2 protein chains.
Amino acid sequence: MKKTQPKIKDVAFVAGVSTATVSRALTQPDRLSAPTRQKVFDAIHSTGYRVNQAARNLRTRRAGAVLVLVPNLGNPFFSAILSSINDVLAANGYSVLVFDSQQPGASEHAVADCFLNGSVDGMITLDGHMSDATGHALRSTNMMQQVVFCCEWSDQWQLPSIRSNNGLGTRLVVDHLVALGHRRIAHVAGPAENILAEVRKKAFAQRCAIHGLDISPDWIVEGDFSLGAGARAAERILALSERPTAVFCASDAMALSFITRCQQLGVAVPQDISVVGFDDIELAAFMEPGLTTIRQDRSGLGRLAAQELLARLRGEQKTEGAHVIFAPVALIERGTTAAPP
Amino acid sequence: MKKTQPKIKDVAFVAGVSTATVSRALTQPDRLSAPTRQKVFDAIHSTGYRVNQAARNLRTRRAGAVLVLVPNLGNPFFSAILSSINDVLAANGYSVLVFDSQQPGASEHAVADCFLNGSVDGMITLDGHMSDATGHALRSTNMMQQVVFCCEWSDQWQLPSIRSNNGLGTRLVVDHLVALGHRRIAHVAGPAENILAEVRKKAFAQRCAIHGLDISPDWIVEGDFSLGAGARAAERILALSERPTAVFCASDAMALSFITRCQQLGVAVPQDISVVGFDDIELAAFMEPGLTTIRQDRSGLGRLAAQELLARLRGEQKTEGAHVIFAPVALIERGTTAAPP
DNA sequence: TTGTATGCGTTATCAC
DNA sequence: GTGATAACGCATACAA
């Protein structure tokens, strides 16, 4: 148990050099001669020295930390992405600061504060909504270049965005169902204000139109991606006089509870009605029947977002405005889709 | 777009006071007269001043940040706890730094570094394993008092621990099954080196003994809490010549996939075999039949851990060593348990 | 109650 | 290639 943490001065004394040299050994080892460099490293080792981050941050005006804004940390879909973001950033020496954007109280200004007080070098946000407070804070600190959207995005702010190819995913779903012979397809959408819900719903309508399908307004049900929403949607859709033969749910969670409610109401999946999800959460492969769904590359989304941000933090990425990178999606055919009854 | 962030000196100039007064207005407003306090606040507002965290941290030798160590961020069970930890800490002005302890590369020493370089004031760990590197770093920085276990824990390090009452939960399960008439009960455990797995397995054996049940060694199957493990366990248990009539799975994930595999193998739940889980994840209520399980108070666990740590950071909590707080558990009876065939 | 002056531990700017 | 030294922005002991 040491009295106190050794400082750079102590290392310099032990190594018989100046503090400047020790500092250089840490940040730009090439600029030192081999022997002195070795002396310094030995001294660092023998003293057990670690740089004081606060002092370094103060001097360099950097934070060595990145803020990740997650809407609902409890949602496993997001936490998987957070995990891969964390991997990449940690491997590059950045700390990851997490904020839950859904949390009522602090978040509104807390995010802005992180930039204003310099405790963060950049941000990856999984939340397509960006508050004005945040936007202004980014402007006034010239931080707009160090913000990356991941999964969700906002057209209001012209920022780089890593996202799944939602349009393609939706088209794969419709094409798959049409190929099976379905002509009456329903859609359980996400919440109206959500960009993903909007894009998928629009792509769904367009693709149906291309196939010449008539989609009744009753067949478009608004949900919120949650388990509860899927169950409620099932009740509404199964009660319709003209019942669809297939349903495209905008999330696996809604698809799962949709199917459960069907079973409870005596409707067989896929014999009576086909169901497709979106996400390919791990459970999709472990239910019976397995869930046909669109796989999103969650770890890829996180990794790409982290790499894009890293490039910007290094000043490499010069592209201005909305730079969109699409992560691949794929249709995973399992047991919840079949030919219509 | 300002030229540069205003500093405390600028505020002092505008308010017509000294920098010390501005600093005091921020940290101990009571010690100022009402009028000067007002002047300072006005100046802060008009200049758009924000404290520079790095400078403050350097001066106060605090970080204003807490490290949360999560084994597998992608696991929804942990992320739900992380969420409530985050809520409490954020509300108290602490940033939350997240680390994935399962991640192969950095984590081993990265955690220790956080303490050694002073970038963190304390830690909540959801991982019962604490590396020696971390332990020594805690010792040498006198940080042992600012570490709290949550969910999992380690008897090796005498530290405060917030945990569910795993023993009670397990007893509730056994009693429930026995009350239904079961005498042959299997257990799908967690991985051998996991403290939760160990505690639940031991409690299971003890409670079965109290009820006079003979538990065949074949009926204890080691898993790893994952979906894959539940399916594998089902295959093994259903193949036994002397098949149990009920199974207690140490996690809901294993229970889910256990049930799915049963269905695939033509074994009906709960008619042929009863299944109980542990955790009460959200999905448990949205499957058919609903999963009988032990509810853990995830948000409570996180909240209590955060509060315990906050008290220690404030220096209030004087209790030394292993201070254990049990979060309540409850048996949630749903549809996967019934009388034996 | 308020102001003055110093130092927190580093890095960057000069010299040499 | 290396050393002396001045910031970085804030909080606090001490004076007033």
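Throughout, protein chains are lettered first and strands after them, A, B, ... in sequence-line order, and every chain is numbered starting at 1. Computed from a prediction, not measured in an experiment: that's the story for all the values here.
Take Arg62(B) and apply the salt bridge (Lys or Arg N to Asp or Glu O under 4.0 Å) test, not counting sequence neighbours, and it matches Asp121(B). Qualifying side-chain hydrogen bond (donor to acceptor under 3.5 Å, both in side chains) partners for Ser161(A), counting only residues two or more places apart in sequence or in other chains: Arg163(A).
Bending across the helix from dT1(C)-dA16(D) to dC16(C)-dG1(D), expressed as the angle between its end axes from five pairs apiece, amounts to 30° (10° rounding).
Residue-environment remark: CZ (Phe41(A)) exceeds the threshold of 12 foreign heavy atoms within 6.0 Å.
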Using the 3.5 Å cut-off, write out each protein N or O paired with an N or O of nucleotides 11-15 of chain C and the distance between them.
from    : atom 1 : to       : atom 2 : distance (Å)
dT11(C) : OP1    : Arg56(A) : NE     : 2.7
dT11(C) : OP1    : Arg56(A) : NH2    : 2.9
dT11(C) : OP2    : Ser23(A) : OG     : 2.7
dT11(C) : O5'    : Ser23(A) : OG     : 3.4
dT11(C) : O2     : Arg59(A) : NH1    : 2.4
dA12(C) : O4'    : Arg59(A) : NH2    : 3.1

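As a whole-Å value, the separation of Arg61(B) CZ from dG7(C) P is 13 Å. Rounded to a whole Å, the CZ atom of Arg62(A) is 18 Å from the P atom of dC8(D). Separating the CG atom of Asn57(B) from the P atom of dC8(D) is a distance of 18 Å, rounded to the nearest angstrom. Here dG9(D) presents its P atom at 7 Å from CG of Asn52(B), a figure rounded to the nearest Å. Here dA6(D) presents its P atom at 17 Å from CG of Leu58(A), a figure rounded to the nearest Å.
Near DNA chain C, meaning a heavy atom under 4.0 Å from it, residues 31-42 of chain A has no residue at all. Contacts between residues 9-17 of chain A and DNA chain C, defined by a heavy-atom separation below 4.0 Å, involve no residue at all.
Residue Arg50(A) is classed as a sugar-phosphate contact, given heavy-atom separations below 4.0 Å to backbone atoms only.
Under the side-chain contact (heavy atoms from CB on, under 4.5 Å) test applied with Val148(A), the options Ile162(A), Leu159(A), Leu304(A), Thr125(A) reduce to a single match, Ile162(A).
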Give the intermediate values and the outcome of side chain to side chain donor-acceptor pair (under 3.5 Å) for residues Asn52(A) and Gln5(A). CA-CA 9 Å; Asn52(A) 178 313; Gln5(A) 279 301 84; over 6 Å; no
CA sep, side-chain torsions, deciding dist, call: Arg312(B), Glu308(B), salt bridge (charged side-chain N to carboxylate O under 4.0 Å, His left out): CA-CA 6 Å; Arg312(B) 288 168 173 271; Glu308(B) 175 81 13; 3.2 Å; yes
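For the pair His136(B) (side chain) and Asp132(B) (backbone), a donor-acceptor distance under 3.5 Å is present. Between the side chain of Asp10(B) and the backbone N or O of Pro6(B), no donor-acceptor pair lies under 3.5 Å. Looking at Gln158(B), its side chain does come within 3.5 Å of a backbone N or O of Asp155(B) through a donor-acceptor pair. In this structure a side-chain-to-backbone donor-acceptor pair under 3.5 Å is present from Asp100(A) to Gln102(A). Side-chain atoms of His129(B) never come within 3.5 Å of backbone atoms of Ser154(B) as a donor-acceptor pair (strictly under, hydrogens ignored).
Asn57(B) approaches Ala63(B) most closely through the heavy-atom pair ND2-O, 3.5 Å. Residues Val147(B) and Leu309(B) approach most closely at N-CD1, 4.4 Å, considering heavy atoms.
Of the side-chain N and O atoms in Thr21(A), one or more sit less than 4.0 angstrom from OP1 or OP2 of dG3(D).
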